[in-house]
There are 2 protein chains.
Amino acid sequence: MLQRPDPFNAQCPTRRVLDRIGDKWAVLILILLEHETLRFNELRRRIQAISQKMLSQTLKSLERDGLIRREAFPTVPVTVEYSLTELGRTLAVTVDSLRIWAETHIGTVEAAQRRYDRGAEPDLAETASR
Amino acid sequence: MLQRPDPFNAQCPTRRVLDRIGDKWAVLILILLEHETLRFNELRRRIQAISQKMLSQTLKSLERDGLIRREAFPTVPVTVEYSLTELGRTLAVTVDSLRIWAETHIGTVEAAQRRYDRGAEPDLAETASR
DNA sequence: GAGTGGTAGTATCCATTAGATACTGGAAAA
DNA sequence: TTTTCCAGTATCTAATGGATACTACCACTC
């Protein structure tokens, strides 16, 4: 390893990986595939408001990164199954903790948003001096 | 709580929260602020290739969500410090595990990409039949 | 036997978004 | 005196995301 990973350097590969992970559709797909194998249109129905194009694109990227496996069965019409690879499984666990965080703290976040939108200081009227 | 959180429903608030979290700039900012308080231009220098506009926008969203705190000091020129709130700190820990995942598995991901780009099956030449 | 719906996508176009660039205004450094 | 820094905003353009239509084949309904 030539230099230690630095995701804040735009050229560093870990940055590219983080950018991929930090993608809303990728996150949702990983979470969904964590517990079951799903087909293209099943994924589409589950992830509301995703377009076919984005689903197709995101699946392709995830496959390229070795995170998911695509298997096509020569049925009529063709059947395509998507599942996590071992690598993908390790990431899915991590990513799922984001979902858990969101579900746990959604109330606090929404309260903060209301406070902010009501037009004032988020916590205290603090504009300290130096 | 009227219904259980479902991030796959486009209307569910947890989905909106996940979308916010699943944002590459937000992820990087949270990781950076986990261990220190930083000012606007310091953040900009650290996060390579972020534009002022996106930094400004992302900071505003994170502040609105109650994840970071913005403090302005009436110096000349004005000094603005950004730090995590308690809520933000809980998220930063989770998000940082993404960075750790990326740094740990970057080699495997890059190998998978090379294999994929070399034009063939990612793992085995498997096109099973049914 | 015509129409509808399902399979897994691709192609195209347009709206939204991200990014590049220039600008603010006052002070300090070169 | 020109440049630099602070923390942004404003504007314009390039890239991206999303809506829609289409493929080709088959099953099912009417």
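The chains referred to below are lettered A, B, ... by the order of the sequence lines, with proteins before strands, and numbering in each begins at 1.
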Of all heavy-atom pairs between [X] and [Y], which one has the smallest distance, and what is that distance?
| X | Y | value |
| --- | --- | --- |
| A/A26 | A/L62 | CB-CD2, 4.2 Å |
| B/Q113 | A/D65 | NE2-OD1, 2.7 Å |
| B/E110 | A/P13 | OE2-CB, 3.3 Å |
| B/Q52 | B/F40 | O-CZ, 3.9 Å |

Separation of [N] [atom2] from [X] [atom1] (nearest whole Å):
| X | N | atom1 | atom2 | answer |
| --- | --- | --- | --- | --- |
| A/R46 | C/dA8 | CZ | P | 14 Å |
| A/E81 | C/dA8 | CD | P | 10 Å |
| B/K60 | C/dA18 | NZ | P | 14 Å |
| B/K24 | C/dG19 | NZ | C1' | 10 Å |
| B/L59 | D/dT9 | CG | P | 10 Å |
| A/L55 | D/dT20 | CG | P | 18 Å |
| A/R70 | C/dT7 | CZ | P | 15 Å |
| B/M54 | D/dC12 | CE | P | 20 Å |

Would you work out how much the helix from C/dG1-D/dC30 to C/dA30-D/dT1 bends between its ends, with each end axis defined by five base pairs, to 10 degrees?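 Taking five pairs per end, the axes differ by 20°.
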Are any of B/S56's side-chain N or O atoms less than 4.0 Å away from OP1 or OP2 of D/dT9?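 Yes, such a contact exists.
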Would one find a side-chain N or O of A/W25 under 4.0 angstrom from OP1 or OP2 of D/dG18?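 The answer is yes; a side-chain N or O of A/W25 sits under 4.0 Å from OP1 or OP2.
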Report, one line per pair, each donor and acceptor closer than 3.5 Å where one atom sits in a side chain of residues 89-100 of chain B; sequence neighbours left out.
| from | atom 1 | to | atom 2 | distance (Å) |
| --- | --- | --- | --- | --- |
| B/R89 | NH2 | B/L84 | O | 3.4 |
| B/T90 | OG1 | A/W101 | NE1 | 2.9 |
| B/T90 | OG1 | B/L87 | O | 2.6 |
| B/T94 | OG1 | B/T90 | O | 3.4 |
| B/D96 | OD1 | B/R99 | NE | 2.7 |
| B/D96 | OD1 | B/R99 | NH2 | 3.3 |
| B/D96 | OD2 | B/R99 | NH2 | 3.0 |
| B/S97 | OG | B/T94 | O | 2.4 |
| B/R99 | NH1 | B/E103 | OE1 | 3.2 |
| B/R99 | NH1 | B/E103 | OE2 | 3.2 |

Could you check B/V80 against B/E71 for side-chain contact (heavy atoms from CB on, under 4.5 Å), going step by step and ending with a plain yes or no? CA-CA 6 Å; B/V80 179; B/E71 289 178 278; over 6 Å; no
Determine which pairs satisfy side-chain hydrogen bond (donor to acceptor under 3.5 Å, both in side chains) with at least one residue from residues 20-38 of chain B, sequence neighbours left out, and list them in order.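 The answer is B/E36-B/R46.
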Chi angles and distances behind the side-chain contact (heavy atoms from CB on, under 4.5 Å) call for A/L18, B/I31: CA-CA 11 Å; A/L18 257 193; B/I31 294 173; 4.3 Å; yes
Output the single nucleotide from D/dG8, C/dA8, D/dG17 whose closest atom is nearest the side chain of A/Q57.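 The nucleotide sitting nearest to the side chain is D/dG17.
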For nucleotides 21-30 of chain C, 5' to 3', base contacts (B), sugar-phosphate-only contacts (S) and non-contacts (-) with protein non-hydrogen atoms under 4.0 Å give -B----S---
Test side-chain hydrogen bond (donor to acceptor under 3.5 Å, both in side chains) applied to A/R44 - qualifying residues, sequence neighbours left out: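 For A/R44 the side-chain hydrogen bond (donor to acceptor under 3.5 Å, both in side chains) partners, ignoring immediate neighbours, are A/N41.
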With side-chain contact (heavy atoms from CB on, under 4.5 Å) as the test, would you mind laying out the steps for A/R15 and A/N9 before giving the verdict? CA-CA 7 Å; A/R15 165 71 165 269; A/N9 178 330; over 6 Å; no
Quick one, which residues of residues 29-45 of chain B touch DNA chain C with a heavy atom under 4.0 Å?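 By residue number: none to list.
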CA sep, side-chain torsions, deciding dist, call: B/L59, B/L43, side-chain contact (heavy atoms from CB on, under 4.5 Å): CA-CA 10 Å; B/L59 287 170; B/L43 280 165; 4.0 Å; yes
